[in-house]
Amino acid sequence: MTAGNGGDGGAGVAGSNGAAGSVGGAGGGGGAVGLAVYGGGLEGYNSGAAQNIFNSYATGNVTVTGGNGGVGQAGGVGAAAISAVVGGAGSNGGIGGAGGFAYGGGLVGFTNTLVAVASSSASGNVTVLAGNGGNAGNGGAGAQGGAGQVGGIGGTGGAAGLGGASYAGGLIALVTSGEISNSYSSGSVQGTSGNGGNSGAGGAGGAGGSSVAGTVGTAGTLGANGGVNYTGGLVGDNTSSILNSYHVGGTVTATSGNGGNGGVGGTGGASGSITNGTAVAGGAGAAGGVGGAISVGGLVGRNGVTAVSAAITSSYATTSVTAVGGNGGNGGQGGNGGNGSSGTNHIGGVGGAGGNGGAAATGLATSIQAGGLVGQNVLGTITSSYAQTGTVTVTGGSGGASAQGGTGGIGTGTAIYGAGGAGSNGGAGGSVYAGGLVGYTTGVVEAVSYSKTSLVITGGAGANGAAGISSGNNTGAAGSVPGAGGASGVVYAGGLAGYSTSDVISSYASYDSVSGKGNITITGGTPGDGGNAGNGGSGLAAGGAGGAGGIATAGIGGAASGAFVGGLIGFSSGIVTSSYSTDLTISGTEQAGGDGGNGGNGGTG
């Protein structure tokens, strides 16, 4: 089943010329997708309140696709003044609509309060694709001011729509409360979240009238975040108790949404016939959006987010789990500095700074959490349960690309050109929490719970920092500073649990000689390199001072964030009692930190 898309916004209109230039019409916002879409082999949505399911099954495949958010339209441009008044302002761009959430389960898409599911099963494959966020409209340009008046302000770019969240489960996508007992699933499960939309550019500042500088370019708008993902072989997101239940056979795959790109900065307005002084700067580019987080497990993606009663008892998964983190969005380029060529001995405007690349998911418990049984166990207790015969394979998302600053504006006479805008930092790579049984847990693991599951983990790569802008010949302008490389994502991995803040009691991780599973292989993510600084331009005339070279210290290499790897637990702040790891092998490499950039050369006189 496929949801409809949100409608696109209407285009903004230009303002009308007049004694005072009017404001352009705002761009229409893209429509968000209405309700989420729910699909299940037996029921799409169970309203709860004891609407129980007993001795039931479904065998067909389930495919659920969320709708995409609508596209925002560009704001109208301001109208020029025809007398000595301020130019009309550009209007704001329309927002992008949010991508639709999608819930898909082999038996039920969504169960509401207090539903009991017993002696039931699903054997079909489940595929869930959430909707993408809509792109936003650009801000309209400001108009030229009348005689002796400033130009209009550029409109703000619209904010793009967030990527939709994906909930996928072999039996049920999301369970709010109740109990699942003596039930199972066996089909493959695949959940893909929506990408965040690209946000709008800032509008250009209007040119100044006679004897007046222009208006600063408007900054771009932050890119939207990618959608989050909850995928499990039995249940995607669970707050019920699970007893004597399992997932076998079908692989479990989760991919989170990429962050959207940040908006470009607007160009600074050109100066009028002004003597001395400096033209205005370009607008700053905006940072890219953050890649979406993932909780994925062979049995349950996320467990017990709001309920201590979400216990998993005497249950298991025998399957392979794959997680691919969404990338950060690219930063927006800085706007060009204002043109001072109509003035006399008037310095060109500085270019706007580039926007930083967006990070992949990096937060504690909001990154990639992947486990052979449970991805993220928030409050529940895992008792006498296991994962074996499979491999957990995780790749952290990459940081978004950095952006260069805008070009400096033209200077006149004895005045130098404007320096280029600073280069931005590369986005940080995504972090990974992975375990043979559970990736991240704040709940107890006890009573001979175990894993015989292999781990193959790669941390997210940081992006390179942007180079500074080199100034041209006979400009006298300085080279701009570069951006730093993004850090690589940290890795927490353990044969039983990647990261644990609670007790682990009478449990273990081991290598299984029959299936050949249980070993751990870790590859640290690659940090980004720092950008090179820009070179200074040569002097305006023979013997004139050359521009300073850009400073190299800003272009530092990204840090290698490290890896915490253990045969039982990667990182633990709880108490470990009567537990062990045996026979398994740990191998892998951590990457060196990124290289720093070179300093810029000074310009010749």
Side-chain angles (χ1 to χ4, degrees), residues 2-13 24-37 65-77 90-102 129-141 154-166 192-203 218-229 256-266 283-292 326-333 355-359 400-401 403 427:
T2 301
N5 298 326
D8 295 341
V13 295
V33 177
L35 296 174
V37 59
T65 303
N68 298 322
V71 176
Q73 301 300 309
V77 299
S91 196
N92 297 337
I95 63 173
F101 285 29
L129 177 63
N132 297 322
N135 295 334
N138 296 331
T156 301
L162 299 173
S166 168
T192 303
S193 304
N195 298 323
N198 300 327
S199 290
T218 300
T221 300
L222 183 71
N225 294 344
V228 297
N229 188 296
S256 60
N258 298 322
N261 297 336
V264 173
V290 177
N327 301 325
N330 299 334
Q333 185 173 347
N356 293 333

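Separating the OG1 atom in Thr156 from the CG atom in Asn92 is a distance of 4.5 Å, to the nearest 0.5 Å. For the atom pair CD (Gln73) and CD1 (Ile95), the distance works out to 12.5 Å, reported to the nearest 0.5 Å. Rounding to the nearest 0.5 Å places OG1 of Thr221 at 12.0 Å from CG of Asn198. Put simply, OG1 on Thr218 and CG on Asn138 are 11.5 Å apart, with the number rounded to the nearest 0.5 Å.
In plain terms, the two heavy atoms of Ala224 and Gly161 that are nearest each other are CB-O, 3.2 Å. Summarising the geometry of Ala136 relative to Gly158, their closest heavy-atom pair is CB-O, 3.0 Å, with the distance given to 0.1 Å. Nearest heavy atoms, Ala130 versus Ala165: CB-O, 3.4 Å.
Residues Thr192 and Ser166 are not in side-chain contact: their nearest non-hydrogen atoms beyond the backbone lie 4.5 Å or more apart.
No donor-acceptor pair closer than 3.5 Å links the side chain of Asn327 to the backbone N or O of Asn258. Judged purely by atom type and a 3.5 angstrom limit, Ser199 uses its side chain to pair as donor or acceptor with the backbone of Ala160. With hydrogens and angles disregarded, a donor-acceptor distance shorter than 3.5 Å links the side chain of Ser193 to the backbone of Val228. The main-chain N or O of Asn261 is never found under 3.5 Å from a side-chain atom of Asn330 such that the two would form a donor-acceptor pair. Using a distance-only test at 3.5 Å, with no hydrogens or angles considered, a donor-acceptor pair links the side chain of Asn225 to the main chain of Val290.
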